[in-house]
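See structure below.
Note that the numbering runs from 1 along the sequence shown for the chain. Whatever order the structure lists them in is the order used to number ligands and atoms, beginning at 1.
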Amino acid sequence: MVYEFVIVGAGAYGCAVAYHLAKSGHSVRVLEAGEIAAEASGGGGKRGVRGNRRDLRELPLISEAYQLWPSLAEELGAPTGYVRTGGVNLIEKESVGMRGGMVAAEAIRATQTDLGVPTEFWTGEKLRERLPQASTAIQGALYAPLDGVAGHQDTTLAYAAAARRSGAEITERDPVVRIFDRGSGARHAVETAHSGLVEASQAILIASNATARSLAAENFGCRLPTWTAYPQAVWLRPENVFQCPYLVGHDSRTLSVKVDNEGVIQLSGGWRGRFDPATDSGTPVEGNVAGSIRELEATFPSLGSLTRLGVDTSRAESGSVDQLPIIDTIPGTQGVVVATGWSGHGWALLPAMSAHIADFLATGRRPRQIDHTAIERLRG
Ligand SMILES: Cc1cc2nc3c(=O)[nH]c(=O)nc-3n(C[C@H](O)[C@H](O)[C@H](O)COP(=O)(O)OP(=O)(O)OC[C@H]3O[C@@H](n4cnc5c(N)ncnc54)[C@H](O)[C@@H]3O)c2cc1C
């Protein structure tokens, strides 16, 4: 079996890159260890599409993604759950080290706006007019009206279905166990548990997120500066109705809040589970669940009692040493590209970033929009 491109992993990135390549007429095979959206791109709730307080080097890309999200469902022919809610980042302290607080708000507002993420400053009073349950300790906020949320599981399934309609083959429950780079001019190949050898005449993309590190090390001796984390999501029902139409983040607390149409709160924003070797997955840490709820209560003190509806820490995500993704040809190979190190915020960029990765694979040239993701930046 020979395809132009073979992709390891059918998460959001594997499926979306397959879609772009197949739509441009390339032959593509995606191999997935579990099922589509088995890891970070799957599960309940929604993911934030956030430009507010993002690494400034990613703002041109999020600005591009802002333009693509609203019409993505129409393009893919299936719902994505995207809603442009606007996003507020709450400021409680005068200064937060050298990276935040009221003293930094105007500089951040102006720079974000210049780089494609329109941002307003709200005083504490203006914020409480819009978010009446916010604590009086909040002194101000940065508001990015183009931020929003999207359904990760639905969107990933929509990309997979659209990729298949365009001719891509996606095989589930068939883990890739070895990857071969045969040098320029020859074919590259992967070996899977069930399909045997699958060859790629142009390139292989490792879009397996958390396992990219071990695949790169075991097959090519490449040590990527990445690691695996198990982000925590907690669902709560408040006693009192929470009037919160926005995606909410915080300048100095570990807090990210979304409220769905039924009034259920989804809490995330930096808390983690712990790896459990018995299940080979992430398991909740009670202190971290309680810690994230404490941050919510401190920020919105009038929600009343909070009933826990669920906690998920099972979905592996890759972190990178500078919190930016790594998208590059693995050193020493001719045609094995890796896309990993999303650092808990890879989702928001998906429609823009996946098109650039497909372009990188198809042309062999790095699009300037993803210059900041080269491995070179992390080497002396
Ligand atoms: C709880 C949580 C909350 C998050 N919140 C946000 C947010 O609000 N905003 C945001 O922008 N981002 C967020 N993220 C991050 C975002 O979801 C991820 O960056 C993104 O989904 C990564 O997509 P991916 O396709 O690279 O990885 P994944 O979805 O992890 O896909 C990788 C796939 O590869 C498969 N695989 C692994 N090894 C192999 C192998 N050997 N052979 C074949 N297949 C293999 C896996 O089974 C998996 O399906 C969050 C992540 C989590 C977990």
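- Close contacts of ligand 1 with Gly9, meaning ligand atoms under 4.0 Å from a residue heavy atom, involve 33 (C), 34 (O), 35 (C), 44 (N).
- Shown in contact with Leu31 at under 4.0 Å from a heavy atom are these atoms of ligand 1, numbered in order with element: 43 (C), 44 (N).
- Annotation for ligand 1: atoms under 4.0 Å from non-hydrogen atoms of Ala38 are 47 (O), 49 (O).
- Inclusion of Thr211 in the set of residues having an N or O under 3.5 Å from an N or O of ligand 1 is warranted.
- From the protein, the heavy atom lying nearest to atom 36 (N) of ligand 1 is Ser208 CB, 3.8 Å.
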Only pairs under 3.5 Å count here: list side-chain donor-acceptor contacts from residues 350-358, not counting sequence neighbours, and write none if there are none.
{"from": "Ser354", "atom 1": "OG", "to": "His20", "atom 2": "NE2", "distance (Å)": "3.2"}
{"from": "Ser354", "atom 1": "OG", "to": "Leu350", "atom 2": "O", "distance (Å)": "2.7"}
{"from": "His356", "atom 1": "NE2", "to": "Glu64", "atom 2": "OE1", "distance (Å)": "3.1"}
{"from": "His356", "atom 1": "NE2", "to": "Glu64", "atom 2": "OE2", "distance (Å)": "2.8"}

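- Checking only distances, Gly34 never comes within under 3.5 Å of ligand 1, N or O to N or O.
- Any N or O atom pair closer than 3.5 Å counts here, and Ala33 shares at least one such pair with ligand 1.
- A salt bridge is defined here as a Lys NZ or Arg NE, NH1 or NH2 lying under 4.0 Å from an Asp or Glu carboxylate O, and Asp371 with Arg57 fails to meet this definition.
- The pair Arg377-Asp322 counts as a salt bridge, with a side-chain nitrogen and a carboxylate oxygen less than 4.0 angstrom apart.
- For residues 103-122, the pairs satisfying ring-ring contact (aromatic ring centres under 6.0 Å, His included) are Trp122-Tyr143, Trp122-Tyr246, with sequence neighbours left out.
- Of the candidates Pro231, Ser41, Ala10, Ser41 brings a heavy atom nearest to atom 21 (O) of ligand 1.
- Ligand 1 places these atoms under 4.0 Å from at least one heavy atom of Val8: 40 (C), 42 (N), 43 (C).
- Both the backbone and the side chain of Arg47 come within 4.0 Å of ligand 1, judged by heavy-atom distances.
- With ligand atoms numbered from 1 in the order given, ligand 1 contributes 10 (C), 11 (O) to contacts under 4.0 Å with heavy atoms of Ala348.
- Of all the listed residues (Ile7, Ile62, Val176), Val176 holds the heavy atom that lies closest to atom 42 (N) of ligand 1.
- Judged by distance alone, with hydrogens and angles left aside, the side-chain atoms of Thr333 form a donor-acceptor pair with the main-chain N or O of Ile330 at under 3.5 Å.
- The closest donor-acceptor contact from the side chain of Ser166 to the backbone of Ala22 lies at 3.5 Å or more, if one exists at all.
- Residue-ligand proximity, Arg315 to ligand 1, at heavy-atom distances under 4.0 Å covers atoms 53 (C).
- By the 4.0 Å N-to-carboxylate-O rule, Arg308 lies close enough to Glu286 to be salt-bridged with it.
- When only interatomic distances are considered, the shortest N/O to N/O separation between Ala12 and ligand 1 falls below 3.5 Å.
- Remark: ligand 1 atoms within the under-4.0 Å shell around heavy atoms of Trp342 are 19 (O), 22 (C), 26 (O).
- Of the N or O atoms in Ala339, none lie within a sub-3.5 Å distance of an N or O in ligand 1.
- Considering backbone and side-chain atoms together, Glu32 places an N or O closer than 3.5 Å to an N or O of ligand 1.
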Do Glu317 and Asn209 pass the side-chain hydrogen bond (donor to acceptor under 3.5 Å, both in side chains) test, and can you show the C-alpha distance, the side-chain angles, and the key distance before you say yes or no? CA-CA 6 Å; Glu317 167 78 339; Asn209 197 6; 3.0 Å; yes
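- Between Glu199 and Arg182 there is a salt bridge, since a side-chain N of the basic residue sits under 4.0 Å from a carboxylate O of the acidic one.
- Residues Trp347 and Trp69 place their aromatic rings such that the two centres sit under 6.0 Å apart.
- The protein heavy-atom contact nearest to atom 15 (C) of ligand 1 is Glu317 OE2, 3.3 Å.
- Taking 4.5 Å as the limit, some side-chain heavy atom of Leu309 sits within range of a side-chain heavy atom of Val264.
- Of the N or O atoms in Leu215, none lie within a sub-3.5 Å distance of an N or O in ligand 1.
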